[in-house]
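Note sheet for the following structure.
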Amino acid sequence: MQLSPQLRALSDKNYLQLTEKYPEVMEWQDDLLEQLRYVLGLSDFIFDALIRDEQLCREFPSVIADSSRLHQYREQLQSILALVSEEQAGYPLLRHYRNREMVYIAWRDFLGNWTLQESLSHLSALAEAMIFEVYQWQYKLCCDSWGTPCDAQGEAQPMLIIGMGKLGGAELNFSSDIDLIFTYPENGETQGARKSLSNAQFFTRLGQRIIKSLDQHTADGFCYRVDMRLRPFGDSGPLVMSFAALEDYYQEQGREWERYAMVKARVMGREMYACYRQLRQMLRPFVFRRYIDFSAIQALRRMKAMIQSEVRRRGLTNNIKLGAGGIREIEFIIQSFQLIRGGREPTLRRRGLAETLDAIESLGLLSSHEAEHLRNAYQFLRRLENLLQAIADKQTQTLPDDLLSQIRLVTAMNLDSWEDLLQKTEQHMSRVNQVFIHLIGEDEHAPDCPVAGVYCELWNMAGRPEVIDEIVAQEFDGAEQAEIKETICGFKSDLARKTLGPRGREVLTHLMPKVFQAIFSHPDSRFGLPRVLSFLQKIVTRTTYLELLDEYPGALMQLVKLCTASPMISQQLSRYPVLLDELLDPQHLYNPVPLAHYRHELRDFLARIPEDDMEQQMEALRQFKQICLLRIAAADIAGVLPVMKVSDHLTYLAEAIVEAVVQQAWKQLTEKYGEPTHLRQREGNGFAVIGYGKVGGWELGYNSDLDLVFMHDCPSDVYTDGQKEIDGRQFYLRLAQRIIHIFSVRTASGILYEVDTRLRPSGASGLLVTTVDAFREYQNQEAWTWEHQALVRTRVIYGDSELKAAFSGVRHQVLSMTRDESELKKEVVNMRDKMRQHLSAKKSGRFMIKQDPGGITDIEFLAQYLVLRYSAEYPSLTDWSDNVRIFESLMTVNLIDQTQAQRLTEAYTTLRDQIHRRNLLNLDADVKEDKLLPERESVIHAWKQWFEEPRSTTPDDSLDN
């Protein structure tokens with residue numbers, strides 16, 4: 001046991017410090033003191049533990065002399081905890097015991113006077129003893145407080161603690177975390193306390209106290225880092241689950257890596273074996289398939305690719321666990337055979353690596369040469385790992401850079417030099433890696449490109465926020481890092497609560513790196529990331545849609561492009577994922593239906609559905625609208641359609657839908673009542689739909705309602721000719737009601753349009769359907785000026801030729817009435833002021849595009865005023881109902897000059913374009929106060945000119961302004 005001069009100096013210094021504090025140490029036997037001087041030069045952990053704990057120094061000679069400690073852990077811990085009735089009082093006792101036993105294990109590791117298997121067995125048995133005895137102690141304390149958890153028959157229920165990973169395989173390393181899963185047999189309630197708890201509540205509290213007892217750092221240190229992330233749903237799942245809930249989870253949602261983890265699962269405490277056997281039998285079909293399962297190979301490749309990405313990202317060099325040919329690759333090799341063939345070969349269902357490797361060799365699955373390479377490498381690397389960690393009780397598998405630690409490892413491993421250690425390590429890892437590549441190969445889906453590798457990491461590590469922190473910090477702009485991390489981790493966490501099934505998870509594994517690459521390739525990825533992930537969250541349980549995006553990269557790119565540009569489109573796709581089919585063909589997507597073809601396209605779309613299936617007909621109307629809206633918005637975003645054309649498309653689409661709705665309603669009504677008899681003497685159905693406002697002016701936006709008025713020409717003495725006869729006018733009333741129902745009923749695809757009928761004569765108190773004569777009489781005798789203004793922006797959007805002509809005649813006659821200029825001006829201005837007061841929800845520092853001075857409503861009121869004022873003299877002003885062509889008509893008759901007409905038209909189209917843009921972004925119709933100033937000034941100037949400046953009686957004077 002020779003130390004180098006450097007280690008001898010350190011040992012002397014530590015020995016002096018220890019014996020000065022505890023002189024009784026010098027009374028130890030000579031051979032033990034010699035060992036002490038040796039290990040004090042090698043392990044800071046041993047020195048720190050001894051100098052911190054006088055009791056340990058007193059006990060240690062008897063501790064190190066006892067070679068059968070492995071079998072005493074449970075009994076000793078029971079004795080220690082038996083008299084502890086206060087939770088906090090047990091913490092220092094547990095930590096003292098843990099440190100004492102870990103010093104014993106480290107001492108023997110550094111002396112090298114036992115085998116690796118003895119070391120691993122002691123480490124694993126100590127951890128199991130501490131876990132199970134803490135459980136028994138805390139279970140009693142919890143029962144004293146809340147009663148005993150029982151099943152329906154009143155039988156007391158235990159909680160099983162399942163050790164995973166190296167703990168489950170009895171191969172725990174020196175500074176390992178302990179991976180646990182908590183479960184209990186059956187639901188029920190506690191008995192024996194004043195207030196009962198459900199078993200789930202009881203065991204959750206118990207689990208929390210066990211974790212705290214072991215994991216919490218105190219002045220005495222801690223026992224173990226407890227990791228519960230291997231439980232169903234990870235950190236987002238319940239801490240404890242019943243057997244039945246566990247079985248449901250693994251059967252329905254269990255993933256390949258969970259099969260991998262469950263291979264080593266082992267219950268803590270021999271008393272629990274009988275109870276655990278039931279759960280083990282339930283889970284066996286999930287872990288070990290009856291058939292030879294080569295799909296496990298791909299899962300292991302992906303896991304290895306994740307590890308390689310992490311090694312590269314963290315700059316891990318000389319990592320004997322995660323590096324190529326390291327401990328993890330040995331474990332992967334062994335467990336690949338277990339997962340592939342364990343269902344048929346019982347000898348492959350063992351938990352320990354060494355015994356499983358023996359079984360693999362005996363079955364001829366590996367050659368003796370390969371098995372020996374793996375066995376020797378495992379022995380060497382695991383011993384090196386334990387010594388590396390025992391230097392300072394730190395969880396590390398990376399060979400040190402500092403000279404002192406290197407000398408310590410060389411000495412403990414009984415090698416000649418650091419170069420010798422590196423050479424032997426490299427030799428073992430190289431042999432392991434050759435076997436690994438031969439058996440498992442590389443992940444065919446893991447991109448060679450390091451940039452693409454980042455996107456794989458983002459997805460694979462999304463359940464570990466601390467790792468995502470590192471990735472994001474290295475790869476993305478600082479201003480967006482927190483948002484990126486929160487969005488990605490939140491998405492992965494939410495997925496854990498959804499029932500995806502193996503197929504869905506497999507598709508996500510392929511798809512999500514592609515999604516991230518598409519998103520982060522876009523310059524506005526900060527908008528695209530939350531929108532695309534929100535969309536995927538809505539459709540993630542519908543695997544067919546995920547497969548569509550995975551198999552058609554073009555569709556994925558279009559999805560990212562459109563969602564990034566518009567939350568409106570993102571929400572539309574989320575609500576109606578059937579629209580994803582539209583993303584497959586960009587040529588089709590960015591070319592909306594030609595204006596003249598909407599009616600024909602809709603008829604063809606509806607022709608696929610039986611006419612008598614009204615429910616499906618209504619659903620089809622909504623789907624057609626959504627498809628067309630998506631294409632219009634896509635073309636709008638791509639800059640293919642200017643604002644005027646966007647409104648044209650939206651308006652023609654609405655007109656086609658109105659026609660189809662009227663025809664559906666007509667069919668339903670006539671089947672029941674027949675047709676009004678006056679139709680025998682005329683063409684058409686005697687019914688018209690009048691469009692007001694935006695639909696009347698060919699100016700619909702993405703979110704526009706339909707302002708409609710219904711009209712008929714049925715005489716008062718007419719009845720229907722069906723078996724169930726009703727009054728003709730009652731028929732048209734029911735027709736209008738049915739039309740509104742078809743528009744507003746909510747199907748799986750939502751409503752069709754919001755319909756507003758309050759602009760009909762007498763408003764909400766008036767008849768829902770009016771005759772031409774009644775409409776004419778109302779407009780001439782009762783209508784307010786604002787109703788005449790509204791009439792400027794009207795036209796028949798559905799109706800036979802007779803009604804169209806009749807309505808146009810009434811409109812022209814009413815608009816062409818001679819009006820007193822000053823009175824008209826006064827009423828228009830007053831109405832404008834009222835609207836501004838009631839509708840302009842003013843925001844500080846914002847310009848409200850519709851209602852503020854210089855906004856769209858000012859332009860509309862100006863056009864309406866000029867039509868009402870001058871149509872008596874210039875009848876052509878009633879020809880059009882849209883503002884742009886009204887300004888052209890005013891210019892044609894020299895009421896406004898070309899410059900003013902152009903400025904008003906440009907202002908109007910620019911403001912409408914802003915509203916379209918903001919609709920696509922789901923934003924309100926307002927902009928910063930300093931925006932759109934030239935347009936607003938043009939409108940305000942024209943408003944003042946026509947409403948505030950004194951004017952002569954001849955309209956031509958306007959040309960002088």
Side-chain angles (χ1 to χ4, degrees), residues 1-65 96 98-114 116 119 173-175 220-221 317-320 380-425:
M1 295 189 298
Q2 294 296 316
L3 294 176
S4 68
Q6 187 174 3
L7 293 183
R8 171 60 66 184
L10 177 62
S11 171
D12 290 345
K13 174 182 169 224
N14 289 342
Y15 180 80
L16 180 62
Q17 193 174 343
L18 183 65
T19 52
E20 283 180 349
K21 188 170 184 179
Y22 307 122
E24 60 268 31
V25 168
M26 290 186 291
E27 298 175 9
W28 292 4
Q29 293 182 3
D30 290 343
D31 61 336
L32 188 58
L33 283 175
E34 183 182 355
Q35 292 175 13
L36 174 65
R37 285 181 173 274
Y38 180 73
V39 296
L40 285 179
L42 296 177
S43 174
D44 296 333
F45 163 70
I46 292 176
F47 170 69
D48 291 340
L50 289 170
I51 203 163
R52 202 171 54 234
D53 192 339
E54 182 179 4
Q55 182 183 351
L56 176 57
C57 284
R58 289 199 309 268
E59 295 173 343
F60 196 72
S62 60
V63 168
I64 198 65
H96 168 78
R98 182 263 183 191
N99 286 339
R100 185 185 75 184
E101 299 305 323
M102 292 296 281
V103 167
Y104 170 84
I105 294 169
W107 188 288
R108 298 201 62 178
D109 275 349
F110 280 112
L111 290 174
N113 61 1
W114 65 355
L116 172 69
S119 173
N173 58 41
F174 192 85
S175 295
D220 302 294
T317 55
N318 292 331
N319 189 291
I320 60 173
F380 180 87
L381 295 174
R382 285 303 308 271
R383 181 158 186 260
L384 182 58
E385 177 187 41
N386 267 7
L387 292 170
L388 178 60
Q389 294 181 351
I391 290 175
D393 193 14
K394 288 185 177 177
Q395 190 183 27
T396 180
Q397 286 91 12
T398 299
L399 296 179
D401 294 325
D402 65 289
L403 181 61
L404 178 62
S405 297
Q406 291 176 353
I407 296 173
R408 284 170 157 176
L409 279 179
V410 168
T411 304
M413 290 290 290
N414 197 26
L415 295 172
D416 296 331
S417 66
W418 182 245
E419 290 71 25
D420 186 23
L421 186 147
L422 287 179
Q423 182 182 6
K424 282 184 164 38
T425 303

Sequence neighbours excluded and cut-off under 3.5 Å, please list the side-chain donor-acceptor pairs for residues 98-108, or say none.
from: Arg98; atom 1: NE; to: Cys223; atom 2: O; distance (Å): 3.1
from: Arg98; atom 1: NH1; to: Asp393; atom 2: OD2; distance (Å): 3.1
from: Arg98; atom 1: NH2; to: Asp393; atom 2: OD2; distance (Å): 3.3
from: Asn99; atom 1: ND2; to: Arg95; atom 2: O; distance (Å): 3.3
from: Arg100; atom 1: NH1; to: Glu59; atom 2: OE1; distance (Å): 3.4
from: Arg100; atom 1: NH2; to: Gln76; atom 2: OE1; distance (Å): 3.3
from: Glu101; atom 1: OE1; to: Arg69; atom 2: NE; distance (Å): 2.8
from: Glu101; atom 1: OE2; to: Arg69; atom 2: NE; distance (Å): 3.3
from: Glu101; atom 1: OE2; to: Arg69; atom 2: NH2; distance (Å): 2.6
from: Tyr104; atom 1: OH; to: Asp66; atom 2: O; distance (Å): 3.2
from: Tyr104; atom 1: OH; to: Arg108; atom 2: NH1; distance (Å): 3.0
from: Trp107; atom 1: NE1; to: Gln35; atom 2: OE1; distance (Å): 2.9
from: Arg108; atom 1: NE; to: Asn113; atom 2: OD1; distance (Å): 3.2
from: Arg108; atom 1: NH2; to: Asn113; atom 2: O; distance (Å): 3.2

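Every pair passing side chain to side chain donor-acceptor pair (under 3.5 Å) that includes a residue from residues 4-14 is listed here, sequence neighbours excluded: Asp12-Arg37.
For the atom pair CZ of Arg382 and CD of Gln397, the computed distance is 9.0 Å after rounding to the nearest 0.5 Å. Here CG of Leu404 is found 9.5 Å from CG of Leu42. Values are rounded to the nearest 0.5 Å. Gln389 CD to Leu384 CG: the interatomic distance, rounded to the nearest 0.5 Å, is 10.0 Å. Rounded to the nearest 0.5 angstrom, Leu18 CG and Asp48 CG are separated by 11.0 Å. One distance of note links CZ of Arg383 with CG of Leu116; it measures 8.5 Å at 0.5 Å rounding.
Inter-residue side-chain proximity for Met413 and Phe380 is flagged as met; some heavy-atom pair is nearer than 4.5 Å. At least one side-chain heavy atom of Arg408 sits less than 4.5 Å from a side-chain heavy atom of Leu7. Between Leu50 and Leu56, the closest side-chain pair of non-hydrogen atoms falls below 4.5 Å. Within the 4.5 Å cutoff, side-chain heavy atoms of Ile391 are placed close to those of Phe110.
Enclosure of atom CD in Gln2 is not indicated, since only 12 or fewer non-hydrogen atoms of other residues, nucleotides or ligands lie within 6.0 angstrom. The local environment of CG in Asp30 is sparse, with at most 12 non-hydrogen atoms from other residues, nucleotides or ligands closer than 6.0 Å.
Closest heavy-atom contact between Cys57 and Tyr22: SG-CD1, 3.5 Å. Annotation for Trp28 and Leu36: closest pair CZ3-CD2, 3.8 Å, computed over non-hydrogen atoms. In terms of heavy atoms, Asp420 sits closest to Asp416 at OD2-N, 3.4 Å. In terms of heavy-atom proximity, Thr425 sits nearest to Leu421 at OG1-O, 2.7 Å. Contact between Asp109 and Trp114 at its shortest, heavy atoms only, is OD1-NE1, 3.0 Å.
Judged as a ring pair (Phe, Tyr, Trp, His ring centres under 6.0 Å), and not counting sequence neighbours, Tyr38 has no contacts. Listed by chain and number, the residues in a ring pair (Phe, Tyr, Trp, His ring centres under 6.0 Å) with Tyr15 amount to none (sequence neighbours excluded). Not counting sequence neighbours, Ser43 has no partner by the side-chain hydrogen bond (donor to acceptor under 3.5 Å, both in side chains) test. Considering only residues two or more places apart in sequence or on other chains, Pro400 meets the side chain to side chain contact (heavy atoms under 4.5 Å, CB included) condition with Leu388, Asp402, Ser405, Gln406, Leu409, Trp418.
Side-chain contact of Thr398 with Asn318: a donor-acceptor pair under 3.5 Å is absent, judged by distance alone.
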Worked verdict on Leu399 versus Leu422 for side-chain contact (heavy atoms from CB on, under 4.5 Å): CA-CA 9 Å; Leu399 296 179; Leu422 287 179; 3.8 Å; yes
